[in-house]
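Read the numbers this way: they start at 1 and go in the same order the structure lists the ligands and their atoms.
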Amino acid sequence: MRSFLKTKTAIAVALTVTAGAAHADGHDVEVLHWWTSGGEAAALNVLKEDLESQGIGWTDMPVAGGGGEQAMTVLRARVTAGNAPTAVQGLGFDILDWANQGALANLNDVAAAEGWDDVIPEALQAFAKVDGAWVSAPVNVHSTNWVWANKAVLDANGIDVPETWEDFVAALDKLKAAGVTPIAHGGQAWQEATVFDAVAMSTLGPDGYKAAFIDLDPEALGSDAMKEAFERMEVIRANVDENFSGRDWNLATAMVINGEAGFQMMGDWAKGEFLNAGKKPGEDFLCFRFPGTQDQVTFNADQFMMFDQGGAVSKEQAALASAILSPSFQSAFNVVKGSVPARTDVSDEAFDDCGKKGMADLAAAAASGNLFGSMAHGHANPAAVKNAMYDVITAHFNGEFDSAEAVQELVDAVEIAQ
Ligand code: GAL
């Protein structure tokens, strides 16, 4: 399966490298991103329309593939061909990698003019500034330790929001007995890793999560708590439908939206799909933190890297960065996207109950030392380590290892990847 995907990506790369060269012109911003689902496209339109209102055209370069792995492959090809896009959606350590290669424009002028240092939290600045230079424009803060539920399905089966792992398993058993798919899941490595963020946090706890995924401590990676995390993944594997393999994340979300499944464990971009389908939190769906992680937030911030276009920030790049960080855009975009604002000074007034909870959780976690970078979405360790973890987690989920073997494979893979 992965070799097929590699071929597919290679063709996509070839097409977009040439296409990009043909279509971008001096007055547009050409933007590479992976926001291709219904909810993501709706959110992206907020940005496109904002720029068009300023007379800046948008040359779109979408590269489908949740989590951005395919997009980064296309980006590497474009940069190698000497044809970098104006701006690129990026995550965490990938941004730092490009900055350290000297590929990104210095945004300090617009950042200083607009006071970014005062309103962007330290947790994001760690992935947006290198050696004192702003190298990307933070768009939002997503987080991954969420569960999304179809309210009618839970009510029909007498299921309350689970507070503990044991409650969650009991709910899964009830749904299975009722003939409802307990967990909607897309069988792709980045999705298994996204689920693993929350499951590992629930078994290792915040200190263990930090030790294992941020500090890469072999003791934590090889711990009994990590083995229990893999055992919990086996329970989740036993509660997905037989056609999960290869499913895109938003199609799994659709299964919860239409009542075919009870739960989905996914980042809060899933909320954008519920909203795009006209669903309301508290009425049609519920959002809650994965049981055992109610006090933590595993975050990933989407940012736009501005690729150096010849030594200076272009007028269009500065306008794009400024548009992204404007308080009005920060509210309008994140309300639709399912994420929360990157700025700390944006009111939660326009946000629904899940959005308000997301903003409150983020502030509380940051204040209590419970805010951690998502391993699955590039905010805990460099891409080589993240991808090594992906391989072990997805191989285990697909039955190649038992939990004890998976723990050893994880320790070995991380050691080799550093
Ligand atoms: C994440 C990204 C989100 C969403 C998600 C699914 O990495 O931060 O904005 O795109 O992937 O593709």
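- To the nearest 0.5 angstrom, Leu96 atom CG is 10.0 Å from Met305 atom CE.
- Aromatic ring centres of Phe168 and Phe290: separated by under 6.0 Å.
- For Gln418, the CD atom sits in a packed shell: over 12 heavy atoms of surrounding residues, nucleotides or ligands are nearer than 6.0 Å.
- The protein heavy atom nearest to atom 2 (C) of ligand 1 is Asp302 OD1, 3.3 Å.
- Note that the NZ atom of Lys176 and the CG atom of Leu172 stand 8.0 Å from one another [nearest 0.5 Å].
- Here CG of Leu410 is found 13.5 Å from CD of Glu405. Values are rounded to the nearest 0.5 Å.
- If you number the atoms of ligand 1 from 1 as listed, the ones under 4.0 Å from a heavy atom of Trp249 come out as 6 (C), 12 (O).
- Near Glu40, meaning under 4.0 Å from any of its heavy atoms, are these atoms of ligand 1: 4 (C), 5 (C), 6 (C), 10 (O), 12 (O).
- The closest approach between Gly267 and ligand 1 stays at or above 4.0 Å for every heavy atom of the residue.
- Using a 4.0 Å cut-off between heavy atoms, Asn140 makes no contact with ligand 1 at all.
- Applying the 4.0 Å criterion to heavy atoms of Lys337 picks out, from ligand 1, the atoms 3 (C), 4 (C), 9 (O).
- Those atoms of ligand 1 with a heavy atom of Leu91 less than 4.0 angstrom away are 7 (O), 8 (O).
- Atoms of ligand 1 found under 4.0 Å from any heavy atom of Trp34 (numbered from 1 in listed order, with element): 1 (C), 2 (C), 7 (O), 10 (O), 11 (O), 12 (O).
- For Trp98 and Phe307, the ring centers are positioned less than 6.0 Å apart.
- Under a 4.0 Å criterion applied to the non-hydrogen atoms of Gly67, ligand 1 contributes the atoms 6 (C), 7 (O), 11 (O), 12 (O).
- Listed by number with element, the atoms of ligand 1 under 4.0 angstrom from any heavy atom of Gly66 are 12 (O).
- The closest side-chain donor-acceptor pair between Thr194 and His377 falls under 3.5 angstrom.
- The nearest heavy-atom contact from the protein to atom 7 (O) of ligand 1 is His377 ND1, 2.8 Å.
- At least one N or O atom of Asn300, backbone or side chain, sits closer than 3.5 Å to an N or O atom of ligand 1.
- Residue pairs that meet the ring-ring contact (aromatic ring centres under 6.0 Å, His included) test with at least one member in residues 312-349, sequence neighbours left out, are Trp35-Phe333, Phe329-Phe333.
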